[in-house]
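Shown next, in structure tokens, is the structure this report addresses.
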There are 2 protein chains.
Amino acid sequence: MTKETTRERIITVADNLFYEQGFDHTSFADIAGETSISRGNFYHHFKTKDQILEAVIELRLKNTLAMIKEWEAASHCAKERIKSYITILDRNKNKIAKHGCPVGTLTSELAKLSHDAQGSANKIFSLFDEWLQIQFIDIGLNDEAELLSQHVLARSQGIATLYNTFQSDTFLKKEISLLLEWLEETCSTTTANH
Amino acid sequence: MTKETTRERIITVADNLFYEQGFDHTSFADIAGETSISRGNFYHHFKTKDQILEAVIELRLKNTLAMIKEWEAASHCAKERIKSYITILDRNKNKIAKHGCPVGTLTSELAKLSHDAQGSANKIFSLFDEWLQIQFIDIGLNDEAELLSQHVLARSQGIATLYNTFQSDTFLKKEISLLLEWLEETCSTTTANH
DNA sequence: AATGATTTAGGACGATTGTCCTATTTTGAG
DNA sequence: CTCAAAATAGGACAATCGTCCTAAATCATT
């Protein structure tokens with residue numbers, strides 16, 4: 001494993017801090033503290049704070065894509081792949097309880113800040129969206145794929161938001177199973193067409 | 001109509017700005033600018049910025065309660081009342097497109113800031129939650145009321161988040177009708193018990 | 001070993017932050 | 001009208017923000 005460069009280290013730490021504290025509320029001093037890098041050195045790698053944000057979003061896109069590829073490798077069945085997406089809610093429950101969904105909270109924050117990187121951040125959402133659409137098309141739900149994909153996205157976003165607020169495990173468990181049930185029903189409506 | 005006091009004016013303006021820009025990103029200068037009140041005068045009404053936040057949350061609780069009372073006055077049928085809640089998504093679509101759901105985005109932000117007012121902000125969510133539960137109990141779904149209420153909350157939160165991101169009207173329309181359909185189905189399962 | 005380029009450290013900058021203080025003005029009760 | 005109380009204005013504060021600059025240290029290539 002190659003050693004992490006300074007630039008990569010900055011991005012990794014910033015990624016976590018932006019998730020935990022929010023982009024706007026995270027200062028250079030915060031990042032410097034956790035990286036043990038002097039403040040002045042930042043500007044040799046990034047000219048502005050916004051450039052760090054762009055790099056963080058790029059990293060998240062890369063990591064998201066890698067995660068999706070893992071799901072694809074682990075399962076050749078589209079329905080199972082969608083399940084992989086839904087069950088992140090359970091796998092990441094501890095972090096979601098503390099800081100919400102990393103995708104949804106970032107886009108919400110950037111929307112409020114009217115930040116230029118809004119479009120870039122939305123791409124992470126789009127990445128999930130388009131991938132889910134492909135899965136639904138694969139199942140045979142071509143016409144409805146777009147709305148079905150966004151339905152899954154919306155449901156999981158809402159679950160994350162509410163779990164972040166109330167941190168009720170019974171709620172989380174119930175909602176995940178409801179969403180999985182919905183997936184089964186939705187798939188079974190067209191398996192007759194095969 | 002009695003004239004708005006200075007204190008009330010500060011809270012009203014702060015309420016809007018916190019919603020539009022976020023709490024952390026809104027400065028005293030911002031509020032002062034929109035209220036035409038000198039910065040120094042603030043501290044005669046509020047000792048800290050956090051106290052303004054508490055007052056804003058209090059106002060939102062009051063307004064939420066008033067809105068709920070309107071729904072109750074407008075409809076004696078519990079199902080219709082729940083519909084009133086669901087269709088806020090459509091009535092407030094323009095603001096949601098720009099700034100997201102005022103309840104969800106505030107609680108998310110305060111969670112990231114580890115802010116003391118987190119508990120107060122969550123009360124707004126709880127207010128909707130408990131009220132929705134009462135409606136479901138009124139329908140006769142006593143045992144499931146809690147999970148049904150939170151299901152509605154989660155769904156609407158997710159719809160708001162995604163509409164804020166993609167601003168797709170077809171998505172919004174479709175999801176609202178899906179949620180209304182769900183409500184019909186959920187209610188009809190127990191009308192047999194009457 | 002020598003030299004040029006890259007990387008790092010740390011201070012300085014102007015602007016802005018929330019907070020506080022002190023005059024001045026406005027208000028309301030006697 | 002009087003005068004104490006409440007409300008307002010505006011400057012000062014220490015701290016922090018993102019940004020920039022320069023000197024020192026490290027690296028890589030010859």
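Atom set for the values below is all heavy atoms of this structure, side chains included, hydrogens, waters and symmetry mates excluded.
In this structure, A:T6 reaches the C:dT8 phosphate: one of its side-chain N or O atoms is under 4.0 Å from OP1 or OP2. In terms of phosphate contacts, B:H45 brings a side-chain nitrogen or oxygen within less than 4.0 Å of OP1 or OP2 of D:dT8. Not one side-chain nitrogen or oxygen of A:H44 sits closer than 4.0 Å to the OP1 or OP2 atom of C:dT8. Applying the 4.0 Å criterion to OP1 and OP2 of C:dC20, one finds that B:Y43 has every side-chain N and O outside that range.
Distance CZ (B:R9) to P (D:dT8): 12 Å, rounded to an integer number of Å. Whole-Å rounding puts the A:K49 NZ to D:dC20 P distance at 15 Å. What separates CG of B:N41 from P of C:dC20 is a distance of 16 Å, to the nearest Å. In this structure, the CD1 atom of A:I10 is 10 Å from the P atom of C:dA9, given to the nearest Å. Distance B:Q21 CD to C:dT17 P: 10 Å, rounded to the nearest Å. Remark: P of D:dA6 and CZ of B:R7 are 15 Å apart, rounded to the nearest angstrom. We find that NZ of B:K47 is positioned 14 Å from P of D:dA7, with the value rounded to whole Å.
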Assess whether side-chain contact (heavy atoms from CB on, under 4.5 Å) is satisfied between B:Y19 and B:L106, documenting all intermediate values.
-> CA-CA 8 Å; B:Y19 177 40; B:L106 181 65; over 6 Å; no
Let me see the working for A:F18 and A:I52 under side-chain contact (heavy atoms from CB on, under 4.5 Å), right down to the final yes or no.
-> CA-CA 10 Å; A:F18 289 173; A:I52 300 183; 4.2 Å; yes
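A donor-acceptor pair shorter than 3.5 Å can be found between the side chains of A:S27 and A:D30. Side-chain contact check for A:R91 and A:T87: at least one donor-acceptor pair (N or O, by modelled atom type) lies under 3.5 Å.
Listed by residue number, the members of residues 25-39 of chain B with any heavy atom below 4.0 angstrom from DNA chain C are B:T26, B:S27, B:F28, B:A29.
For residues 55-70 of chain A, the pairs satisfying salt bridge (Lys or Arg N to Asp or Glu O under 4.0 Å) are A:D15-A:R60, A:K69-A:E72, with sequence neighbours left out. Within the structure, side chain to side chain donor-acceptor pair (under 3.5 Å) pairs that include any residue of residues 110-127 of chain A comprise A:D50-A:H115, A:E54-A:S120, A:K112-B:T105 (at least two apart or interchain).
Across its full length, the helix from C:dA1-D:dT30 to C:dG30-D:dC1 shows an angle of 10° between the axes of its 5 terminal pairs at either end, rounded to 10 degrees.
Here the two rings, on B:F28 and B:F46, have centers that are 6.0 Å apart or farther.
A:K174 pairs by the salt bridge (Lys or Arg N to Asp or Glu O under 4.0 Å) definition with nothing, not counting sequence neighbours.
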Donor-acceptor pairs under 3.5 Å, side chain of residues 146-166 of chain B to any protein atom, not counting sequence neighbours: which ones?
residue : atom : partner : partner atom : Å
B:S149  : OG   : B:D129  : O            : 2.9
B:S149  : OG   : B:D129  : OD1          : 2.5
B:H151  : ND1  : A:E175  : OE1          : 3.2
B:H151  : ND1  : A:E175  : OE2          : 2.8
B:H151  : NE2  : B:R155  : NH1          : 3.0
B:S156  : OG   : B:Y85   : OH           : 2.9
B:S156  : OG   : B:V152  : O            : 3.2
B:S156  : OG   : B:L153  : O            : 3.0
B:T161  : OG1  : B:Q157  : O            : 3.0
B:Y163  : OH   : B:D169  : OD1          : 2.7
B:N164  : ND2  : B:I96   : O            : 3.1
B:N164  : ND2  : B:A97   : O            : 2.9
B:T165  : OG1  : B:T161  : O            : 3.0

